[in-house]
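Contents: one structure, followed by commentary.
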There are 2 protein chains.
Amino acid sequence: MTIGKLGQAAGVKVPTIRYYEQIGLLPEAERSGGNQRLYSRKALDRLTFVRHARELGFTLDAIRDLLSLSDHPDQPCAAADAIAKAQLAEIEKRLARLASLKVELKRMVAQCAGGSIADCRVIEVLGDHSHCSTDHSHREGEGAS
Amino acid sequence: MTIGKLGQAAGVKVPTIRYYEQIGLLPEAERSGGNQRLYSRKALDRLTFVRHARELGFTLDAIRDLLSLSDHPDQPCAAADAIAKAQLAEIEKRLARLASLKVELKRMVAQCAGGSIADCRVIEVLGDHSHCSTDHSHREGEGAS
DNA sequence: TCTTGAAGCTACAGCAGCTAGAGACATTAA
DNA sequence: TTAATGTCTCTAGCTGCTGTAGCTTCAAGA
């Protein structure tokens, strides 16, 4: 299949596929007589994997690791496991943050109920530290509590 | 206060503050005799607002809008409200996606319980379309190259 | 068979949102 | 006074794409 079909099938844009090849995330594709890239089902699987991993929030580097692991399947999977666990922790952090931020945004919307900006708290809510869930303790050297 | 103190107080790195000034997100700071930036409490509030808004997932453009609204507080706050609502919707989408992806990652970790990569499903889980929430239709059975 | 229009090619520029480095000047504590 | 630290400007780099220009190839219709 050509690059356009591959992109449609995997849900990835064509320039992105070429970019992935360029940075070595995908192997160099075979070419047709007219120099066009040709892909196999296997390539589709790999690209689909990449897309899903990106959606999971893996960096391209982590994905590269994962792919190289899958290319050598006779190793213990501790490494893949470690990568996945790290990502899981990362995602749980993000989830918690997003959840609390959603509460703040809802408050913002609720407090901005038709008045003028002078009356509404949108700006203050975001300037206020009291709803600050993340622990940015304002001084680098200081340990987190 | 100088830029370093401001950065510490707001939880924002010094080059980032200068960057924000450069792109017009923060007003140009007053300077000391020695040409160093000096900030007021008001500037700290503004920067804190920016940091929180960034954490909420607002783009710098959205933040710019919000700030310009807050600079003209005699307007109705419908615009701020609209921005906040749009962000809220965006955040709820992200939350939903992250939540379902967390489930997948947990499955990945669970299925990779000490075997070798050949036995574990980390790779397959991410290549599998059956948990695919997004609607990228793709046809099966298109010939491999 | 010819033609046309979509899809492909390479190469490069640009985007957001920072971050890091070089080399010079300012401030501050001892 | 001197040394350390902080700040200055400027420039370049980073990730992960996305878009453009100017060309070639391919598939389908007349």
Side-chain angles (χ1 to χ4, degrees), chain A residues 1-26 28-40 43-44 46-67 87 90 94 97 136 139-141, chain B residues 1-26 28-39 43 46-47 49-67 87 90 94 97 134 136 142-143 145:
Chain A
M1 75 195 348
T2 54
I3 197 169
K5 311 282 178 195
L6 177 71
Q8 276 189 330
V12 173
K13 288 183 182 165
V14 167
T16 304
I17 298 171
R18 289 197 276 246
Y19 169 72
Y20 285 165
E21 181 183 310
Q22 187 193 310
I23 63 169
L25 202 63
L26 302 179
E28 294 197 5
E30 297 171 68
R31 299 298 182 113
S32 71
N35 197 37
Q36 301 196 346
R37 289 174 181 81
L38 293 178
Y39 296 94
S40 64
L44 172 57
R46 195 175 176 103
L47 182 55
T48 301
F49 170 85
V50 172
R51 174 167 73 87
H52 286 187
R54 284 296 295 137
E55 284 176 353
L56 276 167
F58 288 85
T59 63
L60 292 182
D61 268 357
I63 294 170
R64 205 191 305 272
D65 289 349
L66 248 16
L67 283 170
Q87 286 299 321
E90 202 25 67
R94 273 197 249 169
R97 228 177 51 182
H136 296 284
R139 264 157 303 169
E140 298 285 324
Chain B
M1 77 201 326
T2 56
I3 197 169
K5 311 282 179 197
L6 177 70
Q8 279 186 332
V12 174
K13 290 183 182 161
V14 167
T16 304
I17 298 171
R18 289 197 276 248
Y19 169 72
Y20 285 166
E21 180 182 311
Q22 188 192 309
I23 63 169
L25 202 62
L26 301 179
E28 294 197 6
E30 295 171 69
R31 300 300 181 112
S32 72
N35 198 35
Q36 301 195 346
R37 289 172 182 82
L38 293 178
Y39 296 94
R46 196 176 174 102
L47 182 55
F49 171 83
V50 171
R51 174 168 74 84
H52 286 190
R54 286 295 296 135
E55 284 174 354
L56 277 167
F58 288 86
T59 64
L60 292 182
D61 268 358
I63 294 171
R64 203 191 307 271
D65 288 350
L66 248 15
L67 282 171
Q87 287 298 324
E90 198 30 65
R94 274 198 246 171
R97 228 180 51 183
T134 46
H136 297 285
E142 268 185 27
S145 75

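The sequence lines fix the lettering, A, B, ..., with proteins before strands; numbering per chain opens at 1. What you are looking at is a predicted structure, and each value in this text was computed from that prediction instead of being measured.
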Review point. Are any side-chain N or O atoms of A/Arg51 and backbone N or O atoms of A/Ala10, one a donor and one an acceptor, separated by less than 3.5 Å?
Key: yes
Revision key, fill the gap. The nucleotide from C/dC18, C/dG8, C/dA26 with an atom nearest the side chain of B/Gln36 is C/dA26
**Study point:** Main-chain N/O of B/Ile3 paired to B/Arg18 side chain as donor or acceptor, under 3.5 Å
**Key:** no
Check your understanding: With nearest nucleotides of DNA chain D determined for A/Pro15 and B/Ile3 from heavy-atom distances, which residue corresponds to the more 5′ nucleotide?
Key -> B/Ile3
Check your understanding: When rounded to the nearest 0.5 angstrom, what is the spacing between CG in A/Leu25 and CZ in A/Phe49?
Key -> 9.0 Å
**Study point:** Spacing of A/Tyr19 atom OH relative to C/dG8 atom C1', expressed in whole Å
**Key:** 21 Å
Exercise for review: Tell me what A/Arg54 touches on the nucleic acid: a base, only sugar-phosphate, or nothing, going by heavy atoms under 4.0 Å.
Suggested key: sugar-phosphate
Check your understanding: Tell me: CZ of A/Arg18 to P of C/dA11, nearest whole Å?
Key -> 12 Å
Check your understanding: Do A/Arg64 and A/Thr59 have side chains that get closer than 4.5 Å, going by heavy atoms?
Key -> no
Point to revise | Distance in angstrom units between A/Glu30 CD and C/dG8 C1', rounded | key: 17 Å
Check your understanding: Could you state the CZ-P distance from B/Arg51 to C/dG17, rounded to the nearest angstrom?
Key -> 17 Å
Review point. Distance check: side-chain N/O of B/Tyr20 vs OP1/OP2 of C/dG17, anything under 4.0 Å?
Key: no
Review point. Could you give the CD-to-C1' distance, from B/Glu21 to C/dC18, as a whole number of Å?
Key: 16 Å
Exercise for review: Walk along DNA chain D from 5' to 3' and tell me the first and last nucleotide with an atom closer than 4.0 Å to a non-hydrogen atom of chain A.
Suggested key: D/dG16 to D/dC26
Practice item. Could you tell me the separation between the CZ atom of B/Arg64 and the P atom of C/dG17, rounded to a whole number of Å? Key: 9 Å
Review point. Hey, does the side chain of A/Arg37 come within less than 4.0 Å of C/dG8's phosphate (OP1/OP2), counting only N and O?
Key: no
Check your understanding: For A/Gly34 and A/Thr16, take the nucleotide of DNA chain D holding the closest heavy atom to each; which residue's nucleotide lies nearer the 5' end?
Key -> A/Thr16
